[in-house]
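Read the numbers this way: they start at 1 and go in the same order the structure lists the ligands and their atoms. Keep in mind that what you see is a predicted model, and the values were worked out from it rather than measured.
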Amino acid sequence: MAAFPEVNKIKYEGPDSTNPLAFRHYNADEIVEGKSMKEWLRFSCAFWHTMRMTGSDPFGAATMSRPWDDGSESIENAQNRVRVFFEFLEKCGFQYYAFHDRDVAPEGKTLAESNKNLDEVVKVFKEESERTGVTMLWGTANLFGNPRYMHGAATSSNADAFAYAAAQVKKALEVSLELKAQGYTFWGGREGYQCIWNTDMKREADHLAAFMHMAVDYAKEIGFKGQFYFEPKPKEPTKHQYDYDCAACINFLRAYGLENDVKMNIETNHATLAGHSVEHEMEYAASQGFLGSVDANAGDMLLGWDTDQFPTDLYMTTKMAYVLMKYGGFTTGGLNFDAKVRRESFEPIDLFYAHIGGMDAFAKGLKVAAAMRASGDLQDMLKTRYATWDRGIGAEIEAGKHDFKSLEKYMLEKGEIEPNISGRQELIENVMNRFIF
Ligand code: XUL
Ligand code: CO
């Protein structure tokens, strides 16, 4: 029986549509700069939020109405949730999904029982994926929920927690292979600290690196070819997380010889918690060759925590799409809505409004970014700003033809630098507005 009988497959109706259950901009097969929208955007839905988020918060109980869910920890209930999930994915037109091991199947009394439970549910994922063609963007393991991980997993002060986490990731990689996932994500969870004085930071970093190497080695051993991602987040739940931001993560990967195996999975609200914009994180990662995937959401300007709201801000999606297009788009990654409806939006239909809005915001952002790129205005301004590097002394420096002595000689002869030109920030902002409205 359908869980959402009142909703048909969401269709593209164009910008003038007022139908709240239609796309106004997301037209999956429409070509934008040589590729279809669905190839650019590669939308993915997060099981943990869409199927498991109850709406409880530190001040109040669950609010979500999910009539298909009997609230039990039975395998049947878990399997049924997967079928409902695929009905939702199909109706929204998702190509991908992502889950943590413990989102989809109940944790058993033993590791062996948990693995068995997971297998029972993965069977249904496999069936549904084959039926619908919707596949896994990336797999991951929940290494933060169970109290055994109170001190972290790979960075725990308790070596057994490391071993348990290794066993969990081993299984999660096998499941990711089985479900043909395009990637595997490490998110720190509790890989950080609350108190620096009870923490051996160097030892914890070494352990995290050893853990990631083991994962990479095991993936090779079983033939899992998906891309590994590291997802930055500066804090929450711990006061300081080692995967702070892209710069910290990329430094870690390079320091420990993981740079050829792991790329970034960048999340908007994590970027802002780190004091960055998401486009900063995307530009930084991409320019260093580490742009992998994106967890799309939005924070609240007035709140200091990870609110995981749906992204609807066209300026933000335009800037993200602009960076994405500049670097040629995703390969294995995609836009995974790591976002949840507010606890007051408790009806099932709100899940549709939320995802439709997010998808449309990115589709429109993609179109605006493509128009900006086609005009060439921003590229021209950038070229003009750096013009001194395209000729004369700048070109010679870039070609490696100079050192401090030759540059001193050059400047002694020349006496003063070329006059600076304006940065034109306000004009650039106006140009962006020209395309947005
Ligand atoms: C938590 C978060 C995670 C990761 C996967 O803030 O973003 O859901 O994306 O573990
Ligand atoms: Co995330």
Side-chain angles (χ1 to χ4, degrees), residues 42-54 57 85 96-105 107 136-146 149 152-155 165 168-169 171-173 175-176 181-192 208 211-212 215 226-246 248-249 262-274 276 278 281-282 285 291-300 303-311 320 330 332-341 355 358:
R42 294 168 60 89
F43 287 129
S44 162
C45 182
F47 193 93
W48 56 98
H49 286 311
T50 299
M51 302 309 292
R52 302 311 308 276
M53 207 271 299
T54 64
D57 72 7
F85 186 49
Y96 300 102
Y97 61 85
F99 64 73
H100 302 81
D101 50 359
R102 301 297 179 250
D103 306 332
V104 296
E107 181 147 15
M136 197 172 188
L137 187 67
W138 46 258
T140 193
N142 179 329
L143 305 178
F144 43 89
N146 190 291
Y149 297 126
T155 65
Q168 229 181 294
V169 173
K171 180 71 184 169
L173 285 169
V175 163
S176 302
Q182 311 247 324
Y184 186 89
T185 292
F186 295 105
W187 167 60
R190 295 179 194 276
E191 312 294 28
L208 182 57
F211 191 89
M212 287 169 80
Q227 172 66 49
F228 280 99
Y229 307 114
F230 200 9
E231 182 177 325
K233 185 174 185 181
K235 55 191 163 194
E236 202 201 273
T238 63
K239 156 205 175 100
H240 178 94
Q241 307 219 156
Y242 297 133
D243 52 352
Y244 198 94
D245 60 2
C246 284
C249 287
V262 186
K263 290 190 157 80
M264 293 293 110
N265 179 33
I266 297 165
E267 180 161 329
T268 318
N269 205 171
H270 297 180
T272 50
L273 284 181
H276 304 304
V278 64
E281 288 290 81
M282 287 176 70
L291 182 63
S293 200
V294 168
D295 268 6
N297 61 21
D300 186 303
L303 299 175
W305 62 89
D306 196 16
T307 59
D308 284 343
Q309 284 164 235
F310 276 84
M320 291 170 78
F330 294 117
T332 51
L335 283 168
N336 175 53
F337 287 106
D338 194 348
K340 61 188 177 210
V341 291
H355 287 87

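- Between the side chain of Arg42 and the backbone N or O of Thr332 there is at least one donor-acceptor pair closer than 3.5 Å.
- Ring geometry for Phe186 versus Phe228: interplanar angle under 30°, hence parallel rather than tilted (30 to 60°).
- Using a heavy-atom distance under 4.0 Å as the criterion, the protein contacts of ligand 1 are Trp48, His100, Trp138, Trp187, Glu231, Lys233, Glu267, His270, Asp295, Asp306, Asp338.
- For the Co ion (ligand 2), the count of nearby protein N/O/S atoms, taking only those under 2.8 Å, is 4.
- Between the side chain of Asp101 and the main chain of Ala141, no donor-acceptor pair closer than 3.5 Å is present.
- The backbone N or O of Cys246 lies less than 3.5 Å from a partner atom in the side chain of Glu281, making a donor-acceptor pair.
- Aromatic ring pairs are classed by plane angle as parallel below 30°, tilted from 30° to 60° and perpendicular above 60°; the pair Phe144 and Trp187 is perpendicular.
- Side chains of Asp308 and Asn297: a donor on one and an acceptor on the other come within 3.5 Å.
- Judged by distance alone, the side chain of Gln168 and the main-chain N or O of Asn142 form a donor-acceptor pair under 3.5 Å.
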Legend entry - Step-by-step ring-ring contact (aromatic ring centres under 6.0 Å, His included) determination, Phe43 to Tyr96: CA-CA 6 Å; Phe43 287 129; Tyr96 300 102; over 10 Å; no

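- Salt-bridge check for Lys233 with Asp245: failed, with every basic side-chain N at 4.0 Å or more from each acidic carboxylate O.
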